[in-house]
Amino acid sequence: MGPLEGIKVLDLSNFLAASTAGRIMAEWGADVIKIEPLSGDTYRNNGPYMNIPIYDRGQTGNPSYDNENGNKRWVALNLKSEKGMAVFRKLLATADVLITNYRPGALKKLGISYDDLKEEFPRLVFGSILGYGKKGPASGKPGFDYTAFYARSGLMADAAPRGGDLVNTVAGLGDHFAATALVAGINAALVRRSTTGKGDLVEASLFQAGCFALSSGFLSAYSGKPWPRTRFEPNNSTSNTYKCKDGEWFYLAATAYDKQWADVATKVLGRPDLATDPRFVTRKAVEEQGAMEEQVRIMDEIFATKTYAEWAKIMTEADIAFEKAQHFTELVEDPQALENEYIFYHAYPNGKKAPFAHAPAAIASCPWPEFQPAKLTGADTEAILKEMGYSDAEIKALMEDGDVAGPTITVKG
């Protein structure tokens, strides 16, 4: 049994952040029911924009969509129809958690905001992800991780080298961070409910995730450190990026400069004279003499004399923390990631494989479930309605009236 076995989650979401929260909970054993409109989640069609294929219009595989939606069950409801909404409310009566990224105005219009539901469903934990939060001048603004997480948090501008281009975005980084935070909050609320019997409202936002993720940066900037900066202005020369003879880059992370500089100079750089050089002997000396850039350039020259493999051997023997700046294509073959099951491969019926990442924490007594990719929109509608007590005739009538839908191909050709 997964740790969330017996917990039923309704996933009323589109795109990435809230959907990812549902996927994490599903991987930990919850029964997660994805509720889509009859036209399907718009994100089902987004794979090709990132050069990720969709197989057979999503009937035999949609890796981009599966990434946030594996291991769920699938219902298609028309929440704008009276009978479709009645089905949804009947589902709510059996649910422990509702996850949504619908904006407050849309939820209120449908009559399913937290305030609308909390009295009728007092045990329900209501998990909400927004772009910017429910208060403030940006509360009603549409938000993606590109905008609310990357751009507004400072990551896009200040993590880039000064004078260069902005940091390139990677779809889902902010969404996945916010999703993890929401799941933590939901699980905390479920623990509280076990003692009080009461549900709660759990809120996260992409902007909030960005604020938390970049908190060291804004604290540094607030305290007077200039941002953005170049690699010649690191906190320490021994905590910086360096390029090797073969063009590979790595991050040297001997962060305790005063304690580690002598070892770096002698055991790694092979320059014991630098260990006692008065310009570099302490971090304070480097700062007082304005010697940081000069020190980095000296180290650049030395690291450019050997390949990454040669430097890796030297730094490993010296017990110095470092890591190669890997590319995504290397990450999906990284034995550390594969052996720890951080990354796994799923094979589709057509023989094509795709790499995915498991939830960001493993629980020792609960092995990972077999990965189930996303099904068609409404694939489990009939089965779930039968679980709720609807007869075959009632289900047929709901489908004919456009209140619900069965398996539907909603990916464009």
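Judged by distance alone, with hydrogens and angles left aside, the side-chain atoms of Glu330 form a donor-acceptor pair with the main-chain N or O of His327 at under 3.5 Å. Trp261 places no side-chain N or O within 3.5 Å of a backbone atom of Lys259 that could act as its donor or acceptor partner. Remark: side-chain polar atoms of Asn69 are paired, donor with acceptor, to backbone N or O of Tyr65 under 3.5 angstrom.
Arg283 forms no cation-pi arrangement with Tyr257, by the criterion of a distance under 6.0 Å to the ring centre and an angle within 45° of the ring axis. Cation-pi contact between Arg162 and Phe232: absent, since separation from the ring centre below 6.0 Å together with deviation from the ring axis within 45° is not met. For Lys245 and Tyr308, the positive end is not near the middle of the six-membered ring at less than 6.0 Å and at most 45° from its axis.
Of the charged side-chain nitrogens involved, none lies within less than 4.0 Å of a carboxylate oxygen, so that Arg44 and Asp66 do not count as a salt-bridged pair. Using a 4.0 Å cut-off between charged side-chain N and carboxylate O, Asp392 and Lys386 make a salt bridge.
Aromatic ring centroids of Phe344 and Phe371 lie under 6.0 Å apart.
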Would you give me the side-chain donor-acceptor pairs under 3.5 Å for residues 107-115, sequence neighbours excluded?
unit_1 : atom_1 : unit_2 : atom_2 : d
Lys108 : NZ     : Asp116 : OD1    : 3.1
Ser113 : OG     : Asp116 : N      : 3.2
Ser113 : OG     : Asp116 : OD2    : 2.8

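The distance from the CG atom of Asp175 to the CG atom of Leu16 is 4.5 Å, given to the nearest 0.5 Å.
For the side chain to side chain contact (heavy atoms under 4.5 Å, CB included) with Phe356, the lone residue among Ile343, Val332, Asn67 that qualifies is Asn67.
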